[in-house]
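The block underneath contains the structure these notes are about, expressed in structure tokens.
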Amino acid sequence: MAYREIALEKALTFIEPGPVVLITTFDGKKNNVMTISWIMPIDFDGHFVIASGPWNLSFKTLLKTKQCVVCIPAENMLQTTVKIGDVSGAECDKFAHFGLKALPAKTVQAPLIAGCQACLECEVSDVISRYGFVVLHVKRIVRDSRLARGRLWHAVGDGTFTLDGKKSSCRQLMKDKLPPGL
Ligand SMILES: Cc1cc2nc3c(=O)[nH]c(=O)nc-3n(C[C@H](O)[C@H](O)[C@H](O)COP(=O)(O)O)c2cc1C
């Protein structure tokens, strides 16, 4: 099933749960991808923060190109997601090594990864160097309706991971806090 574009307002619903994500970059010659679990939304307008640092090739490429794609792994991608975060693109071509299929994005040069729940095309809107915070702004979202709304993986921080559990709706209680589109 192909990716289909969805409304930008939906960005928050992928980032607010704090899932483990894959972030792709393109340095002008080669695609690369890293794993990120330090991720947090900061407004309702599609801005969120990741924390990283110059020891990662992706961080340097992000600062240089000001673009990336944040991919939300499908449920069956945990092992690959962790392995991607255990090697640097400085040592190997991770797309080839992990058999990832790169698809063209529309608003950025970094690629989408086939088989994810959704991919958020992003531009870097700010960097807070002291903490390695990169503020990203979502420009376009595509999702695979077959896979999206699957469960998300979360890092515990000690090498273990949890999948989303029970879901409850408190939308009525929060209706004054929810902007249109959410
Ligand atoms: C589960 C997991 C979560 C990770 N989360 C982060 C993170 O939030 N920030 C970060 O800088 N690195 C994180 N990493 C490490 C990077 O993904 C790793 O250094 C990556 O291989 C960098 O690749 P690159 O040099 O090709 O950019 C994580 C790794 C794993 C396995």
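Everything numeric in this text was worked out from a predicted model, so none of it was measured.
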Got Ile113 and Thr24 here, is their nearest side-chain heavy-atom distance under 4.5 Å?
yes
Checking Asp158 against Thr160: is there a side-chain donor and acceptor pair closer than 3.5 Å?
yes
Using modelled atom types only, decide if a donor and an acceptor are shared between the side chain of His137 and the backbone of Asp45 within a distance under 3.5 Å.
yes
Would you check, one step at a time, whether the test side chain to side chain contact (heavy atoms under 4.5 Å, CB included) holds for Val70 with Phe48?
CA-CA 11 Å; Val70 176; Phe48 62 96; 3.8 Å; yes
Considering all heavy atoms of both residues, which atom of Glu123 and which atom of Thr107 are nearest to each other, and what is their separation?
OE2-O, 4.4 Å
Does any part of the side chain of Ile72, heavy atoms only, come nearer than 4.5 Å to the side chain of Cys116, both counted from C-beta?
no
Establish whether Leu57 and Met34 are linked, either directly or via other cluster members, by ILVMFWY side-chain heavy-atom contacts under 4.5 Å.
no
Any non-hydrogen side-chain atom of Trp38 less than 4.5 Å from a side-chain atom of Ile50?
no
Would a 4.5 Å heavy-atom cut-off, applied to side chains only, mark Glu9 and Pro179 as touching?
no
Is there a side-chain contact between Asp164 and His154 (heavy atoms, below 4.5 Å)?
yes
If you look at every heavy atom in Leu147 and Gly115, which pair is closest and at what distance?
CD1-O, 3.4 Å
Flag side-chain contact, heavy atom, 4.5 Å: Thr65 against Phe26
no
Treating Ile, Leu, Val, Met, Phe, Trp and Tyr as nodes and any side-chain heavy-atom pair under 4.5 angstrom as an edge, say whether Phe59 and Ile23 lie in one connected cluster.
yes
Identify whether Val124 and Ile15 are in the same connected component of the hydrophobic contact network (ILVMFWY, side-chain heavy atoms under 4.5 Å).
yes
Does a side-chain N-to-carboxylate-O contact under 4.0 Å join Lys106 and Glu121?
no
Please evaluate residues Val20 and Phe161 with respect to the criterion side chain to side chain contact (heavy atoms under 4.5 Å, CB included), reporting the C-alpha separation (whole Å), side-chain torsions for both, the decisive distance (0.1 Å), and the verdict.
CA-CA 9 Å; Val20 182; Phe161 297 82; 4.1 Å; yes
Rounded to the nearest 0.5 Å, what separates atom CH2 in Trp153 from atom OG1 in Thr35?
14.0 Å
State, with a plain yes or no, whether a side-chain heavy atom of Gln117 is found less than 4.5 Å away from one of Leu152.
yes
Side chain of Lys10, backbone of Ile141: donor and acceptor closer than 3.5 Å?
no
Test of understanding: clusters of I, L, V, M, F, W, Y form through side-chain heavy atoms closer than 4.5 Å, transitively. Do Val135 and Met40 belong to the same one?
yes
Looking at every heavy atom in both Lys94 and Asn32, which two are closest together, and how far apart are they?
CE-OD1, 3.4 Å
Does one hydrophobic cluster hold both Val87 and Ile36, with members joined at side-chain heavy-atom distances below 4.5 Å?
no
Might you point out which heavy atoms bring Ala110 and Cys68 nearest each other, and give the distance in Å?
CB-CA, 3.9 Å
